[in-house]
Asker: 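I have a structure here, written as structure tokens, and I will follow up with some questions on it.
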Amino acid sequence: MKIGYACLALAVPGSGMKSCALKNADADHLISLIGHNLDSLERLADYNIKNGISLFRISSDLIPFGSSAAAQLPWAEIYADKLKSTGNKMLGSGMRISMHPGQYTVLNSPDAEVTLRAAQDLDYHARVLDSLGAGEEHKIIIHLGGVYGDKKQAKSRFLSRYRELEPSVRKRLVLENDDKLFNIADVLETASAAGMPAVFDNLHNAVNPAGEITDEAGWIKLCAHTWKTSDGPPKIHYSQQSGEKKLGAHSESIEIDPFLEFLQQLPGTDTDIMLEVKDKNISALKCINCVSKRDIGALETEWARYKYFVLERSAKHYNAIRQLLKDKSEYPAVEMYRIIEEALNQPLLPGSALNAAEHVWSYFTNKASEARKNRFRSLLTKYSLGETGIQAVKNNLMLLAEKYDEQYLLNGYYLYK
DNA sequence: TGACGTCAAGATCCG
DNA sequence: CGGATCTTGACGTCA
């Protein structure tokens with residue numbers, strides 16, 4: 001079982017994707033953006049490997065306007081070496097990669113232009129995976145598309161469009177249930193007819209359930225049967241409902257206990273789990289650390305990253321975790337993350353926030369110029385007077401961390417939220 | 001015509 | 001001027 005995250009990572013310096021407005025998308029600019037994004041991809045690969053994350057969705061933004069303005073550019077030739085080495089790095093480590101065109105790639109549209117653009121977009125996604133040297137178990141996940149007043153016809157139009165696609169694209173395609181139109185029963189029916197694998201998304205299913213009464217495990221089992229050996233192990237998408245936001249919105253992070261309960265009722269077959277969550281790699285690492293028995297060193301590394309983020313919410317929880325990690329013969333992963341979750345659910349009190357900011361500032365007290373000291377001090381004063389938010393203070397600390405290349409802080413979670 | 005979702009670019013505002 | 005914050009862009013469908 002692999003657990004992974006989608007597209008971008010938090011607290012991984014130099015891993016961001018760049019894009020531009022279409023009106024600025026000339027060849028030179030695109031080629032340089034692509035170069036930048038491939039560097040970022042390699043940093044993501046390095047990070048994933050270092051942290052034992054072996055499931056990863058590559059951002060569709062890797063090649064900006066990859067199916068339109070950049071479609072004719074010879075990026076695969078220009079960056080052949082880079083693509084090959086990054087691909088080797090990821091695949092050689094056993095990483096399973098994937099891509100997921102957005103909701104605007106609609107293969108089953110009655111509009112021939114829309115269908116054509118969708119096919120071009122799928123072609124672009126397949127070319128990315130091809131150029132990395134990925135085999136057909138590295139998938140492209142799509143949705144069925146629109147209904148246009150007749151679901152049955154919409155499904156059959158999907159089938160005929162699917163059959164017209166290039167084999168290089170078709171062999172990678174996987175169908176996923178969506179949160180509005182096509183539920184998991186629709187997807188299973190269509191995927192079976194097409195001979196393509198199906199992915200079950202638990203939150204989409206909760207928001208847009210199929211008529212039949214079947215529990216999650218039942219659907220997951222049915223989906224698993226659509227995966228051939230050449231497709232690799234079945235995959236599912238897992239996410240949790242955001243408490244604050246509307247139905248179907250992904251949560252900020254994965255709560256560990258509901259996740260572990262979800263795992264309990266999974267069928268025995270090997271399944272890969274793509275998490276869809278705002279804090280991306282952070283939750284992926286949490287789930288991986290909790291399901292795999294690792295060395296306590298893995299938890300200490302994690303704790304180092306969470307430290308000030310927890311301290312900001314609660315000194316009590318901060319100390320509890322320090323105590324917890326003292327016994328080096330234990331591996332108290334779930335306990336640690338439970339305390340972290342509880343700490344992060346505490347309201348942010350100005351006193352604690354100031355305390356944590358002061359701790360982080362101590363990395364710079366001996367280095368920072370007078371001007372920077374004054375700037376930070378005045379921000380702290382403004383914050384304590386309620387004249388600015390904590391984000392302004394953190395942004396200032398982020399600036400300093402970058403200026404003085406303070407890796408410990410740049411790799412920690414405190415500055416990113 | 002706006003909402004949907006996503007992210008960063010681009011624009012504008014502020015001190 | 002730098003930095004913070006708001007708006008736009010790019011995609012297609014549906015209410």
Side-chain angles (χ1 to χ4, degrees), chain A residues 5-10 15-26 29-30 32-34 36-37 40 44 57-71 99-122 124-125 141-151 153-154 157-158 161 176 178-182 201 203-204 207-208 237 239 241-242 245-252 276-280 369 371-372 374-376 378-379 381-383 387-400 402-403 416:
Chain A
Y5 67 98
C7 303
L8 58 107
L10 298 173
S15 69
M17 292 291 151
K18 279 193 178 179
S19 188
C20 69
L22 186 52
K23 60 182 175 187
N24 304 322
D26 58 86
H29 192 214
L30 283 172
S32 101
L33 287 177
I34 293 165
H36 173 274
N37 290 349
S40 292
L44 287 169
R57 180 191 299 164
I58 295 172
S59 170
S60 296
D61 286 343
L62 184 73
I63 313 295
F65 306 103
S67 60
S68 51
M99 296 188 84
H100 187 15
Q103 60 188 188
Y104 299 108
T105 301
V106 183
L107 193 60
N108 78 339
S109 175
D111 183 334
E113 290 290 317
V114 173
T115 300
L116 177 66
R117 281 196 292 273
Q120 289 168 339
D121 196 38
L122 296 177
Y124 149 64
H125 284 84
I141 287 86
I142 57 166
H143 295 289
L144 245 156
V147 168
Y148 316 96
D150 186 340
K151 212 168 182 180
Q153 220 170 46
R157 203 167 40 243
F158 176 90
R161 299 283 179 274
E176 181 194 350
D178 67 71
D179 59 350
K180 286 195 180 70
L181 306 173
F182 294 99
D201 181 302
L203 192 58
H204 291 164
V207 177
N208 178 28
H237 288 178
S239 55
Q241 172 66 45
S242 164
K245 288 186 245 164
K246 61 188 54 162
L247 213 61
H250 296 149
S251 64
E252 177 61 31
E276 294 185 321
V277 58
K278 295 261 174 236
D279 72 358
K280 306 284 181 185
S369 65
R372 292 214 172 100
N374 293 336
R375 171 100 184 106
F376 178 73
S378 93
L379 266 173
T381 311
K382 280 181 84 176
Y383 173 69
E387 288 169 10
T388 189
I390 193 66
Q391 204 52 54
V393 177
K394 287 196 184 188
N395 288 349
N396 186 246
L397 288 167
M398 175 64 104
L399 200 88
L400 294 164
E402 280 168 349
K403 216 80 190 165
Y416 294 85

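In the text below, chain A, chain B and the rest are named by the order of the sequence lines, each starting its count at 1. Reckoned from all heavy atoms, side chains included, excluding hydrogens, waters and symmetry mates.
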Asker: Identify which nucleotide among C:dA4, C:dC14, C:dA10 has an atom closest to any side-chain atom of A:Leu181, counting heavy atoms from C-beta outward.
Answerer: C:dC14
Asker: What nucleic acid atoms does A:Ser59 come within less than 4.0 Å of, heavy atoms only: base, sugar-phosphate, or nothing?
Answerer: nothing
Asker: Is A:Asp179 reaching over with its side chain to a backbone N or O of A:His204, donor-acceptor style, under 3.5 angstrom?
Answerer: no
Asker: Give the minimum heavy-atom separation between A:Pro64 and A:Ile34, together with the two atoms involved.
Answerer: CD-CG1, 3.9 Å
Asker: Using whole Å, report how far CG of A:Asp179 lies from C1' of C:dA15.
Answerer: 15 Å
Asker: Of the nucleotides C:dA4, C:dA10, C:dT13, which has the atom closest to the A:Val114 side chain?
Answerer: C:dT13
Asker: So which one's nearest nucleotide on DNA chain B is more toward 5', A:Lys382 or A:Ala6?
Answerer: A:Ala6
Asker: Hydrogens and angles aside, do A:Asp121 and A:Thr105 bring a side-chain donor and acceptor to less than 3.5 Å of each other?
Answerer: yes
Asker: Regarding A:Lys278, tell me which of base, sugar-phosphate or nothing describes its non-hydrogen contacts under 4.0 Å with the strands shown.
Answerer: sugar-phosphate
Asker: Which part of the nucleic acid does A:Lys280 contact within heavy-atom distance under 4.0 Å: base, sugar-phosphate only, or nothing?
Answerer: sugar-phosphate
Asker: Taking the nucleotide of DNA chain C with the closest heavy atom to each, which residue, A:Val393 or A:Ser109, is nearer the 5' end?
Answerer: A:Val393
Asker: Chain A on DNA chain B: first and last contacting nucleotide, 5' to 3', under 4.0 Å to a heavy atom?
Answerer: B:dC4 to B:dG10
Asker: What are the two closest non-hydrogen atoms of A:Ala70 and A:Ile63, and how far apart are they?
Answerer: CB-CG2, 3.9 Å
Asker: Which angle, rounded to 10°, do you find between the first-five-pair axis and the last-five-pair axis of the helix from B:dT1-C:dA15 to B:dG15-C:dC1?
Answerer: 80°
Asker: Without swapping roles, check the side chain of A:Asp279 against the backbone of A:Leu10 for a donor-acceptor pair under 3.5 Å.
Answerer: no
Asker: How close or far is atom P of C:dT13 from atom CG of A:Leu144, stated in whole angstroms?
Answerer: 13 Å
Asker: For A:Gly149 and A:Phe65, take the nucleotide of DNA chain C holding the closest heavy atom to each; which residue's nucleotide lies nearer the 5' end?
Answerer: A:Phe65
Asker: Of A:Ala249 and A:Leu33, whose nearest nucleotide on DNA chain B comes first from the 5' end?
Answerer: A:Ala249
Asker: Just how far, in rounded Å, is P of C:dG2 from CG of A:Asn396?
Answerer: 15 Å
Asker: Between C:dG3, C:dT13, C:dC14, spot the one nearest the side chain of A:Val147, thanks.
Answerer: C:dC14
Asker: Mind calculating the distance between CG (A:Asp111) and P (C:dT13) to the nearest angstrom?
Answerer: 7 Å
Asker: Within the structure shown, what part of the strands sits under 4.0 Å from A:His100 by heavy-atom distance: base, sugar-phosphate, or nothing?
Answerer: nothing
Asker: Between P on C:dG2 and CG on A:Asn395, what's the gap in Å once rounded to a whole number?
Answerer: 17 Å
Asker: Can you check the A:Lys18 NZ to C:dG9 C1' distance for me, whole Å?
Answerer: 18 Å
Asker: Testing the basics here: between A:Glu276 and A:Ser239, what is the closest heavy-atom pair and its distance to 0.1 Å?
Answerer: O-CB, 3.0 Å
Asker: Does the pair A:Ser68 and A:Tyr124 meet the rule for a side-chain contact (heavy atoms from CB on, under 4.5 Å), with working shown?
Answerer: CA-CA 9 Å; A:Ser68 51; A:Tyr124 149 64; over 6 Å; no
Asker: Would you kindly give the NZ-to-P distance between A:Lys180 and C:dT13, to the nearest whole Å?
Answerer: 14 Å
Asker: Can you name the nearest heavy-atom pair linking A:Ser60 to A:His125, along with the distance?
Answerer: OG-NE2, 2.8 Å
Asker: Going by side-chain contact (heavy atoms from CB on, under 4.5 Å), A:His143 matches just one of A:Asp178, A:Asp201, A:Leu107, A:Val106. Which one?
Answerer: A:Asp178
Asker: In this structure, how many angstroms lie between the C1' atom of C:dG3 and the CD atom of A:Glu402, rounded?
Answerer: 13 Å
Asker: Check the surroundings of atom CD in A:Glu387: do more than 12 heavy atoms from other residues, nucleotides or ligands lie under 6.0 Å from it?
Answerer: yes
Asker: By the 4.0 Å heavy-atom rule, please label A:Asp121 as base, sugar-phosphate, or nothing.
Answerer: nothing
Asker: Less than 6.0 angstrom separating the ring centers of A:His250 and A:His237, yes or no?
Answerer: no
Asker: When all nucleic acid strands are considered with a 4.0 Å heavy-atom cut-off, which category describes A:Gly146: base, sugar-phosphate, or nothing?
Answerer: sugar-phosphate
